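Report on one structure; see the data block that follows.
Numbers here are sequence positions counted from 1. Reckoned from all heavy atoms, side chains included, excluding hydrogens, waters and symmetry mates. In this text the structure is predicted, and so the values were computed from the model without any measurement.
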Amino acid sequence: MNELHTAYSIRNALDESTSRLTEAQASRLSQARARALSAMPAQAPARVHGFAQMQPDLARGARASRAGGRSRRAQDGPPWIMRLALTAAPLALVAVGALALLRWSDDQRLEALAELDKAVLLDDVPLAGYADAGFGVFLKHTDQ
């Protein structure tokens with residue numbers, strides 16, 4: 001909002017001062033403008049950002065307000081913070097998702113082991129029978 005206000009102020013000051021120019025001054029300014037335009041390359045790239053892109057008068061005012069030696073980056077704040085935030089947010093989301101998936105996987109494995117332990121403890125076969133080497137052979141030949 002401050003940049004927009006500055007642009008309006010500059011535009012208004014320039015408009016007011018043009019009414020006080022003499023004809024000779026206006027002629028010299030016109031000639032200087034013509035020389036400057038002829039010295040410009042045929043296709044000069046125009047860099048206009050944001051709201052000023054929609055309003056050509058404001059673009060001229062915004063460029064004039066930045067001509068004091070400060071760059072656009074110095075006025076808008078460091079853009080690397082925004083890039084860092086836009087990069088870190090998805091990475092943090094992926095990390096949280098991976099941790100949640102790992103936790104869920106561990107819970108599923110523990111539930112399966114608990115279910116197996118429960119089945120072994122509630123079974124009719126004594127625990128010593130599971131340790132017997134011949135028990136596996138017995139299970140393979142059983143028709144149950």
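- With sequence neighbours excluded, the residues satisfying side chain to side chain contact (heavy atoms under 4.5 Å, CB included) with R35 are Q31, A32.
- Side chain of S27 to main chain of E23: no donor-acceptor pair is present (N/O by atom type, distance under 3.5 Å, no hydrogens or angles).
- Through side-chain heavy atoms spaced under 4.5 Å, either directly or across other Ile, Leu, Val, Met, Phe, Trp or Tyr residues, L101 is tied to W104.
- Looking at every heavy atom in both residues, P90 comes nearest to A85 through CD-O, 4.5 Å.
- Through side-chain heavy atoms spaced under 4.5 Å, either directly or across other Ile, Leu, Val, Met, Phe, Trp or Tyr residues, L21 is tied to L29.
- For the side chain to side chain contact (heavy atoms under 4.5 Å, CB included) test, residues two or more places apart in sequence or in another chain that qualify with R109 are D106, L113.
- If you take CE on M82 and CG on L84, they are separated by 11.0 Å, rounding to the nearest 0.5 Å.
- S30 places no side-chain N or O within 3.5 Å of a backbone atom of A26 that could act as its donor or acceptor partner.
- A distance of 12.0 Å separates CD1 of I81 from CG of L86, quoted to the nearest 0.5 Å.
- Partners of T22 by side chain to side chain contact (heavy atoms under 4.5 Å, CB included), not counting sequence neighbours, listed by chain and number: A24, Q25.
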